[in-house]
Structure formats: C-alpha cells, structure tokens
Amino acid sequence: RTTFNLQRERLDGEIEIIKKHQALETLKFPQPKGLKTTLTGRQLFFMMSQHLLLNGEAFWHLDERLRLSGAPKRISPLLPEQVYEKVGTDGQIKAYVHKTFQKETELDPEDVVHFRFPNPENMYRGHSPTKSIRYALDTYREADVLNLKGLMNNAVPTGILKTEQAITEPERERILANWKKLYGGADNAHKTALLPKGMDYQRVQETLAELEYHQGKISTRDEILANYRVG
C-alpha cells in the first residue's frame, strides 16, 4: 500500500518530484510483454514481502537495461533457495549464481538487488524469522492435524461400544462401519444414536491434553505473532 515517489534535488536545493521515468515504469510493469505485463508491480512487492517473512531475504534481478541510462526495463524475482553468492578473497561478492534444474547462471552483483533481514551468522544472507519459532510452527501444525484427524475418525463422543454377547469378526467390522457412517465426522456431530439390543455405550473421559487443545493453540499463535511484531 506504500506510495513511492522518485525525487531529485535541484541546484537551488528544492526537491523535485519526478513523474515520468523508466524506473517508475519498470516498477509498475516489471515484466512487460507487449501492452501487458506478466507480473504487476503489486505482485512484485507482495512476493518480495512473502520471501522476506518466510526466508528472511528476497532477490530481484534487473535486466534489459537501456543503453544510455542503464535503467532496467525488466525485474525478475528470484527464489532465495536458488541463489548463492560467490565471494572473492577481499570479502566482496563477485557474482550471484542463480541455480535451476536446467542450468546455473552467473549474475553481476550490480544487476541483483538483495533485500534481507540481518543475519548474525552470515553477513551475506538474510535471517528467516521462522528459525526462532520453528518448534512453535511445528506444534501449531501438528495440533491442527491432530484435531482434524480426531474429527475425521471420531464417532460423536470418544467412547466404547460394549456388549455381553459374543461377536464375530465380520459382525464387529459391520457394527463399527455402520457406527462411523452414521455418527462419525463433523457433519454427524451431536446426533442421537440408536444401539442394537444388548449393546451399551461407554464414554471415555477426555484427557487433559484434549481439554487444553484450544488454549494451547492460542498460546502458540501468540508466540508466532510476537515473533513477527504483531500484537
């Protein structure tokens, strides 16, 4: 949503806002194709934000420069995991290498814009915000999977069907299949069950972990949001 302006300082010290320039045109239409663009400026910045929040860094490759001014006419976002740097003996980056399944392409550092969060372990790369909350993310995901599987496999309440009668294996499978079909899953929640003669239902008490499931998700969510400075 940020509005960017291009400006320059005139000889008299006044700031002049530039309305027409190749830089503005390229940011608006990063990948022109005839009268259209395969990537809009909004999509370019949105993708950059996604890469920063997930990977801690984002790359733009500036291409198709104008001969006189050197202004790029095309911007291509690169996946951070497909880019690595070549560092010279003086510690300066000599080239960025873009690696795909087909080939490796060396890119001039002047043609690559590297956005990144500071990394205390590697001055050349960004630091992913997800590293410090990797266990919280895994916990949140596993809690969701556990809850989903519980809804899919559960038959209304968690319990046991009991009977004093001897039941053969085919009968047991038939009874359980009918029970799951009639009362299993979220769509059948809280339905009234009708049991065969001589059969009883015994509810199994919920564990403390199941009772605290919702509160646990809230706590994990708060940890994740705090890492992204979201209240």
Query raised in the report: If we only count heavy atoms from C-beta on, is the Leu62 to Val112 side-chain gap below 4.5 Å?
Result: no

Report task. May I ask you to decide if Thr26's main-chain N or O and Lys73's side chain share a donor-acceptor pair within less than 3.5 Å? Result -> no

**Report entry** Main-chain N/O of Leu54 paired with Ser128 side-chain donor or acceptor, under 3.5 Å
**Finding:** yes

Query raised in the report: In terms of side-chain heavy atoms, does Thr38 have a donor or acceptor partner in Gln31 at a distance below 3.5 Å?
Result: yes

Query - Audit row: Glu169, Arg172, salt bridge (Lys or Arg N to Asp or Glu O under 4.0 Å) steps and yes/no - result: CA-CA 5 Å; Glu169 184 64 21; Arg172 187 187 72 83; 2.8 Å; yes

Requested in this report: Determine yes or no for a side-chain-to-main-chain donor-acceptor pair under 3.5 angstrom, with Glu173 supplying the side chain and Pro170 the backbone.
Outcome: no

**Report entry** Partners passing side-chain hydrogen bond (donor to acceptor under 3.5 Å, both in side chains) against Lys131 (at least two apart in sequence or in another chain)
**Finding:** none

**Report entry** Same cluster (ILVMFWY, side-chain, under 4.5 Å), Ile167 and Tyr201
**Finding:** yes

Query raised in the report: Counting only N and O atoms by type, is there a donor-acceptor contact under 3.5 Å from the side chain of Glu85 to the main-chain atoms of Arg125?
Result: no

Query raised in the report: Got Val83 and Lys99 here, is their nearest side-chain heavy-atom distance under 4.5 Å?
Result: no

Query raised in the report: Do side-chain atoms of Gln82 reach the backbone of Leu79 as a donor and acceptor pair under 3.5 angstrom?
Result: no

Report task. Check step by step if side chain to side chain contact (heavy atoms under 4.5 Å, CB included) holds for Leu195 and Leu161. Result -> CA-CA 9 Å; Leu195 299 177; Leu161 292 175; 3.7 Å; yes

Report task. Would you please test Ser219 and Glu223 for side chain to side chain donor-acceptor pair (under 3.5 Å) and show each step? Result -> CA-CA 6 Å; Ser219 177; Glu223 181 180 351; 5.9 Å; no

Query raised in the report: Just wondering, more than 12 heavy atoms not from Lys94 lying within 6.0 Å of its NZ?
Result: yes

Requested in this report: Tell me whether Leu182 is reachable from Ile175 by hopping between hydrophobic residues (I, L, V, M, F, W, Y) whose side-chain heavy atoms are closer than 4.5 Å.
Outcome: yes

Query raised in the report: In the single-linkage hydrophobic clustering (I, L, V, M, F, W, Y; side-chain heavy atoms under 4.5 Å), do Leu52 and Leu27 co-cluster?
Result: yes

Query raised in the report: Is there a side-chain contact between Pro120 and His127 (heavy atoms, below 4.5 Å)?
Result: yes

Query raised in the report: Aromatic rings Trp60 and Phe115: how do their planes relate, parallel, tilted or perpendicular, breaks at 30° and 60°?
Result: perpendicular

Query raised in the report: If you measure only the distance, is there a donor-acceptor pair under 3.5 Å linking the side chains of Asp200 and Thr163?
Result: no

Query raised in the report: Between Leu44 and Pro77, is any pair of side-chain heavy atoms under 4.5 Å apart?
Result: yes

Requested in this report: Kindly indicate whether the side chain of Phe29, heavy atoms from C-beta on, has any atom under 4.5 Å from the side chain of Ile75.
Outcome: no

Query raised in the report: Side-chain donor-acceptor pair under 3.5 Å between Glu142 and Thr139, yes or no?
Result: no

Query raised in the report: Would you say Tyr84 and Leu78 are hydrophobically clustered, going by side-chain heavy atoms of ILVMFWY under 4.5 Å?
Result: no

Query raised in the report: Are His114 and Phe59 close enough that their ring centers fall under 6.0 Å?
Result: yes

Requested in this report: Mind listing the closest non-hydrogen atom pair of Asp111 and Arg65 along with its distance?
Outcome: OD1-NE, 2.8 Å

Query raised in the report: For the residue pair Ala71 and Gln22, what are the closest heavy atoms and their distance?
Result: CB-CG, 3.8 Å

Query raised in the report: Do Lys86's NZ or CZ and the ring of Tyr96 fall within the cation-pi criteria of under 6.0 Å and 45°?
Result: no

Report task. Could you tell me whether the side chain of Thr130 reaches within less than 4.5 Å of the side chain of Leu137, counting heavy atoms only? Result -> yes

**Report entry** Under 3.5 Å: donor-acceptor pair, side chain of Asn227, backbone of Pro129
**Finding:** yes

Query - Tyr124 side-chain N/O to Gln92 backbone N/O, donor-acceptor pair under 3.5 Å - result: no

Query raised in the report: Under a single-linkage definition using a 4.5 Å side-chain heavy-atom cutoff for Ile, Leu, Val, Met, Phe, Trp and Tyr, are Ile218 and Ile224 assigned to the same hydrophobic cluster?
Result: no

Query raised in the report: With no hydrogens and no angle check, is any side-chain donor or acceptor of Glu57 less than 3.5 Å from a backbone partner on Gly126?
Result: yes

Report task. Taking atom CZ of Arg221 as the centre, report whether more than 12 heavy atoms of other residues, nucleotides or ligands fall under 6.0 Å from it. Result -> yes

Query raised in the report: How would you list, by chain and number, every residue that makes a side-chain contact (heavy atoms from CB on, under 4.5 Å) with Ile18, sequence neighbours excluded?
Result: Leu6, Arg8, Glu16, His21

Report task. Check whether more than 12 heavy atoms from other residues, nucleotides or ligands sit under 6.0 Å from atom CZ of Arg42, and answer yes or no. Result -> no

Query raised in the report: Between Tyr140 and Tyr135, does the ring centre distance come in under 6.0 Å?
Result: no

Query raised in the report: More than 12 foreign heavy atoms under 6.0 Å from CD of Glu110: is that the case here?
Result: no

